[in-house]
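Here's the structure we're looking at; comments come further down.
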Amino acid sequence: MRLTRYHMPTLKEKPAEAEIPSHQYLLRAGMIRKLASGIYSFLPLGWRVVKKIINIVREEMDRAGALEVFLPIVQPAELWQESGRWNVFGKELLRFKDRHQRDFCLGPTHEEVIVDLVRGEVRSYKQLPLNLYQIHTKFRDEARPRFGIIRAREFIMKDAYSFDKSWEDLEVSYQKMYEAYCRIFKRCGLDFVVVEAETGAIGGDVSHEFMVWADTGEDVIVFCEKCGYAANRERASFAFEKSPSEEAPKTPEKVHTPNVRTIEEVSSFLGVEPSRLLKSLVYRTSAGEFVLFLVPGDRELNEAKAARALGVEALEMALPHEVLEIAGASVGFVGPCNLKKRVKIVADRTVEGRVNFVSGANEDDYHVVNITPGRDFEVDLYADVVFAEEGDRCPNCGELLRFSRGIEVGHIFKLGTKYSSAMNATFLNEDGKEKPFIMGCYGIGVTRIAAAVVEQKHDENGIIWPITIAPFEVSLVATNMKNETVREIAENLYEAFVESGIEVLYDDRDERAGFKFKDADLVGIPIRVTVGERSAKQNKVEVKLRRSQDVEVLPVEKVLDRVMELRQMLYRELEP
RNA sequence: CGGGGCGUAGCGCAGUUUGGCAGCGCACCAGCUUCGGGAGCUGGGGGUCGCCGGUUCGAAUCCGGCCGCCCCGACCA
């Protein structure tokens, strides 16, 4: 491709809206443009990158035995009402009416549609296993889109759905996807880690996320360097050994603490370590029941863990008036003793066996000190309901856990029968019995991969694309188009590259060398071939990799072979 | 949804405090010079100053309302 015939609107200055490298460079390199908050257009160069990612994803999905389909983005409300998610999904689901006033939504994910499709087509266990996937636009009306195409409202996703006759078979389907995902991310040039993850609104029991290491990531990865344990902080467990307190339980005592509410305030007012306070939080479960959670003052309640411990779908903080009804005191003075209404009490496991805690007295402006679980109040359940913190130890091997940030590029779930049961999607098994499909679902953020790669592969001059997803393989720079020798060599090389099937972007613009180098570095094409005046006189050109400072000066006739060699080397590095 | 910031040419910004010709740099067009790390000079084109309303002889500037965008948090397959 000749640059004079191409559209590559690079920007010298950093756009005001962009904060992180991927957003800045994708805009500056002329790859994306914003249409509205969280909604982006892809320009020719950016779209070439996305298409290459799509091709890799498609090759690996096909290789894993999945079958490509194409499902509608506009989906009728009835399907979502049937699965129960029409009322659960919240504002992320963009809803609207057609001309007949019928409710529709834009698909944020496609479980409903795929289950509807498969239940009408598949009747027998002989047709299983089945794994259907698509690469398509998703729309999620995010509360706060951010970071360019990392968290966009409209984005391209690969989503796959497996249907099996048994849990054993699901395990096989899941493992195939796990391996396909590893191959995909390796080929895209990403340094990633697979972590145990929360399932969120998609549901199911087991899930893994594929995380790309990046300081700008929104997720926190908790991992162990010794044994390889890795989990999203939302899910991460940590080692805890119950050690009965040496202290003798003292007598509870009510103390006046006027307007002292937060952990910090109580801690400094009473001169007590935060770890001795019992943070008392009232929640309402999705089943409509109220629960009081007790966690040490220096720890944070993890709602996902808490919901799982109770076996409920979701938890919501109780409203101030509900707290008042249950505790008889306002927020800040709630505690487990003398609750006005008896509710279930769940304490974090780190509380068990310890004595002499401080908590709210369930009376405004009063706290109570020296309370001990089991004696002064009953705990209905001890469970792991808090986040892992710096300093906690690995649940597997006891090594100190490490914390790092990451970008989620893939997520795989064992769904089980959540959707097939709700939507009555069944098949006949070997015994002629009707059974719901055992499902899995598997997502990859295709456009997010492009951004994640830039986050990981860039320097102060721009992007450094892995060759597998680079918009072009070779950047051919003619330093001066007015110089006959330079132009002739460059034109001949261009023809040779094209004939050899090399994807080359030939900078044949009438610009100065420095200008072209800056653009080439910004856009990040992995191999650069430079035809300059001085070496051209000796019939030589320069070959350089974007990621390196080293320059090779070669006779013109050797350049094609050398470029083919480098290209092959770069692809080899990224083979799974 | 809570808090903060911003909105002036395609991009980056000044001008708003104290009302009085709508500006600068980059980019774009033409010409000349230049030519290995975002060139110089000369000339030129491009604006509902986010929108609506109000105050005023006069509003980018003051007042009211609305909209959009970004950041932090909450939320989030």
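To find a chain, count down the sequence lines: A is the first, B the second, and so on, and within it residues start at 1. Keep in mind that what you see is a predicted model, and the values were worked out from it rather than measured.
- Separating the C1' atom of rG65(B) from that of rC70(B) is a span of 23 Å, rounded to the nearest Å.
- Checked by distance alone, Asp519(A) brings a side-chain donor or acceptor within 3.5 Å of a matching partner on the base of rG38(B).
- Not less than 6.0 angstrom separates the ring centroid of Tyr181(A) from the ring centroid of Phe192(A).
- Atom NE2 of His7(A) is separated from atom C1' of rA27(B) by 13 Å (rounded to the nearest Å).
- rG3(B) and rA60(B): their P atoms are spaced 31 Å apart (whole Å).
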Kindly give the atom pairs (protein nitrogen or oxygen, nucleotide nitrogen or oxygen) under 3.5 Å for nucleotides 40-48 of chain B.
none

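- Listed pair Lys12(A) / rA27(B) meets the phosphate criterion, a side-chain N or O lying under 4.0 Å from OP1 or OP2.
- Closest to the Asp521(A) side chain, of the nucleotides rG12(B), rC35(B), rG37(B), is rG37(B).
- A side-chain donor from one of Tyr419(A) and Arg85(A) sits under 3.5 Å from a side-chain acceptor of the other.
- When each of rG38(B), rC35(B), rC76(B) is scored by its nearest atom to the side-chain atoms of Glu92(A), the top-ranked nucleotide is rC76(B).
- In this entry the distance linking CG of Leu27(A) with P of rA27(B) reads 19 Å, nearest Å.
- rG40(B) and rC35(B) have their P atoms separated by 14 Å, with the value rounded to a whole Å.
- Computed from coordinates, the Glu484(A) CD to rC35(B) P distance equals 17 Å when rounded to whole Å.
- Within 3.5 Å, no donor on the side chain of Glu511(A) pairs with an acceptor on the base of rG38(B), nor the reverse.
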Dump the pairs, protein N or O against N or O of nucleotides 70-73 of chain B, anything under 3.5 Å, distances to one decimal.
unit_1  : atom_1 : unit_2    : atom_2 : d
rC70(B) : OP2    : Ser37(A)  : OG     : 2.9
rC72(B) : OP2    : Arg144(A) : NH1    : 3.1
rC72(B) : OP2    : Arg144(A) : NH2    : 2.9
rC72(B) : N4     : Arg144(A) : NE     : 3.4

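- Distances were taken from every side-chain heavy atom of Asn480(A) (C-beta onward) to each of rG36(B), rC35(B), rG38(B); the shortest belongs to rC35(B).
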